[in-house]
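See below for the structure under consideration.
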Amino acid sequence: MIVLVLNCGSSSLKYQVLDMKSEKEFDLLAKGLVERIGEKMGALTHRVPGQDKHVVEMPIPDHTVGIKAVLELLVSKEHGVLESLSQIDAVGHRVAHGGEYFKGSAFVDAKAYEEIEKLCVLAPLHNPANLLGVKAVNELMPGTPNVTVFDTAFHQTVPDYAYTYAIPYEYYKKYAVRRYGFHGTSHKFVAARGAEFAGIDLENSRIITCHLGNGSSISAVKDGRCIDTSMGFTPQEGVPMGTRSGSIDTTIIPFLAAKENMTPAQMEKMLNKQSGLLGISGVSSDCRDIEEAAKAGNPRASLALNILCYSIKKYIGAYSAALGGVDLIVFTGGIGENSAPTRRDSCDGLEYLGIKIDNEINDATHGKDTIISTPDSKVKVCVIATNEELMIARDTMNIVKNLKK
Ligand code: ADP
């Protein structure tokens, strides 16, 4: 089954075309990125395995034009990978927010579309862009089934005592203010792959998954189901990220608003775009730049990394308690897959929990599925390369196959 995976952001979209032979066997036919949608000049970068990348610069006023350009490339003589668009059996869309309605991936019928639209209030920057992707497919490839895969769905098994904030209960009832969690597709993928890789039975396991990228979140997964996660009502909560503060004392907000005369919009920008690793280091939001600056002796860069690792360590401790012990810790995402110092320092001092890292193997591990704990470590620790697109394609394939039954 050929599946087109679309991940539409507000001004960009990523795509992959996968030939799914089974859940585990697949060929990546093409992938790419459309950037600067809505700006004067946009760009489409198209990659076919084994060929040079192909870049097209053109104005891309909206998502429909972007998707149309991608579809044209997919069947073009020179850069195409398909004879005709009718070969695409289904389209899988990454959708940011599934609220409490979507507990798993869904075939997009009129009712599902309406529910995703209702959830735009909870994800005003993301869900509308995701729906533009569905609309564009309906317009350009009518009759092709759309499946939506939600960032929040994997976390819908989190119990009420872990998702309810201790603020007046009426705000949950009135406005659905609660913890939702994000990166669910990645947490689900790496928990399952990590268990398989480490020879642990997923259905009888206690796993902590650390997705560390520009945005970062950590989840506690018991017997394959999520029981807690660090992101909350929005992706703002949890560990410090590239430019997001992560959790802070909420009273800092009115205090600084008064001192600095900041509007709510300015405050949100400060917490979302100017905080985290960037805000502390003053160097960059990019972990590589900060590691370099720290090595060169920049104390604020070192402080930023220390804060990040200390925060990850605290979540590992907290989630070990929540899970009643831990069998496996998985690191993933750009930082989790590539930064050996972050993995080492986050686990440093946790020997009493049974966590022992093999520093030599850890130092040599970049982006490849690897066990980085020592053979005598009670808790296995591994690096797993996340693959959200594959997960989306799998869910899409399974849902569409079931529709046909
Ligand atoms: P996103 O959350 O946008 O998908 P990624 O998962 O790609 O982001 O993660 C981006 C982060 O990964 C950046 O902070 C980047 O510096 C970091 N990263 C990538 N490669 C390395 C590396 N070799 N060492 C340290 N950090 C790295």
Side-chain angles (χ1 to χ4, degrees), residues 5-16 31-35 45 47 94 96 125-126 129 149 151 181-190 193 209-219 229-231 234-246 272-296 298 301-302 304-309 311-312 330-347 359 361-370 372 383-392:
V5 175
L6 285 180
N7 180 357
C8 292
S10 51
S11 66
S12 68
L13 75 88
K14 289 186 205 149
Y15 63 93
Q16 283 197 7
K31 68 177 191 176
L33 170 69
V34 179
E35 293 171 285
T45 308
R47 292 170 198 270
R94 177 184 186 177
L125 295 180
H126 295 98
V149 179
D151 267 18
F182 298 87
H183 292 142
T185 310
S186 175
H187 288 288
K188 187 178 176 185
F189 179 83
V190 300
R193 171 84 184 119
T209 48
C210 306
H211 178 111
L212 311 172
N214 283 316
S216 299
S217 65
I218 301 182
S219 291
T229 190
S230 62
M231 281 182 169
T234 71
Q236 174 66 19
E237 197 182 344
V239 295
M241 311 177 208
T243 60
R244 292 188 196 123
S245 64
N272 244 306
K273 304 267 183 221
Q274 297 160 352
S275 296
L277 297 179
L278 171 67
I280 304 158
S281 71
V283 170
S284 162
S285 63
D286 192 296
C287 186
R288 280 166 294 202
D289 299 341
I290 302 167
E291 283 182 356
E292 224 167 88
K295 251 190 223 151
N298 181 324
S302 297
L305 297 172
N306 290 342
I307 291 172
L308 173 66
C309 295
S311 177
I312 297 167
V330 183
F331 285 98
T332 193
I335 297 174
E337 288 168 35
N338 295 295
S339 172
T342 302
R343 296 187 299 250
R344 181 195 62 215
D345 295 346
S346 303
C347 293
N359 282 321
I361 296 178
N362 182 44
D363 285 347
T365 300
H366 298 281
K368 196 166 163 277
D369 296 359
T370 310
I372 57 166
V383 171
I384 297 289
T386 195
N387 194 339
E388 290 163 281
E389 287 78 11
L390 172 59
M391 194 77 206
I392 294 171

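Quick note: numbers below take in every heavy atom, side chains included, and nothing from hydrogens, waters or symmetry partners. The shown structure was predicted, so the numbers you read here are calculated from the model rather than taken from an experiment. Both ligands and their constituent atoms are indexed starting at 1 by order of listing.
Looking at Glu337 against ligand 1, nothing comes within 4.0 Å, counting heavy atoms.
At least one N/O-N/O distance between Gly334 and ligand 1 falls below 3.5 Å. Checked by distance only, ligand 1 and Cys287 come closer than 3.5 Å through their nitrogen or oxygen atoms. Where the criterion is an N or O separation shorter than 3.5 Å, residue side chain and backbone included, Gly213 fails it with respect to ligand 1. No N or O atom of Ser339 sits closer than 3.5 Å to an N or O atom of ligand 1. The distance criterion of under 3.5 Å between nitrogen or oxygen atoms is met by Asn214 with respect to ligand 1. On a distance-only criterion, Asp286 and ligand 1 share at least one N/O pair closer than 3.5 Å.
Between the side chain of Arg94 and the backbone N or O of Val149 there is no donor-acceptor pair closer than 3.5 Å. A donor-acceptor pair is defined here as one N or O able to donate and one able to accept, closer than 3.5 Å; such a pair exists between the side chain of Asp369 and the backbone of Ala385.
Contact of the Lys14 side chain with the Glu388 side chain is not registered, since no non-hydrogen atoms from C-beta on lie closer than 4.5 Å.
There is a protein heavy atom closer than 4.0 angstrom to atom 3 (O) of ligand 1.
Here the protein heavy atom with the shortest distance to atom 22 (C) of ligand 1 is Asn338 CB, 3.3 Å. The shortest contact between atom 27 (C) of ligand 1 and any protein heavy atom is with Arg288 CG, 3.6 Å. Of all protein heavy atoms, the one lying nearest to atom 17 (C) of ligand 1 is Ile335 CG1, 3.6 Å.
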inquiry  = Determine whether Leu212 and Ile312 satisfy the following criterion, side-chain contact (heavy atoms from CB on, under 4.5 Å), listing intermediate values before the conclusion.
reply    = CA-CA 9 Å; Leu212 311 172; Ile312 297 167; 3.6 Å; yes
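Taking the six-membered ring for Trp and thresholds of 30 and 60 degrees, His211 and His183 have nearly parallel ring planes, at less than 30 degrees apart.
Side-chain atoms of Arg344 and Asn362 include no donor-acceptor pair closer than 3.5 Å. Residues Gln236 and Ser245 have side chains that bring a donor and an acceptor to within less than 3.5 angstrom of each other.
Using a 4.0 Å heavy-atom cutoff, Gly242 is absent from the residues neighbouring ligand 1.
Annotation: Arg47, atom CZ; neighbour count of heavy atoms from other residues, nucleotides and ligands within 6.0 Å does not exceed 12.
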Sequence neighbours excluded and cut-off under 3.5 Å, please list the side-chain donor-acceptor pairs for residues 283-296, or say none.
| from | atom 1 | to | atom 2 | distance (Å) |
| --- | --- | --- | --- | --- |
| Ser284 | OG | Asp286 | N | 2.8 |
| Ser284 | OG | Asp289 | OD2 | 2.8 |
| Asp286 | OD1 | Arg288 | N | 3.0 |
| Asp286 | OD1 | Arg288 | NE | 3.1 |
| Asp286 | OD2 | Arg288 | NH2 | 3.1 |
| Glu291 | OE2 | Ser339 | OG | 2.5 |

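Which parts of ligand 1 touch Gly215 is read off a 4.0 Å heavy-atom cut-off, strictly below it: atoms 2 (O).
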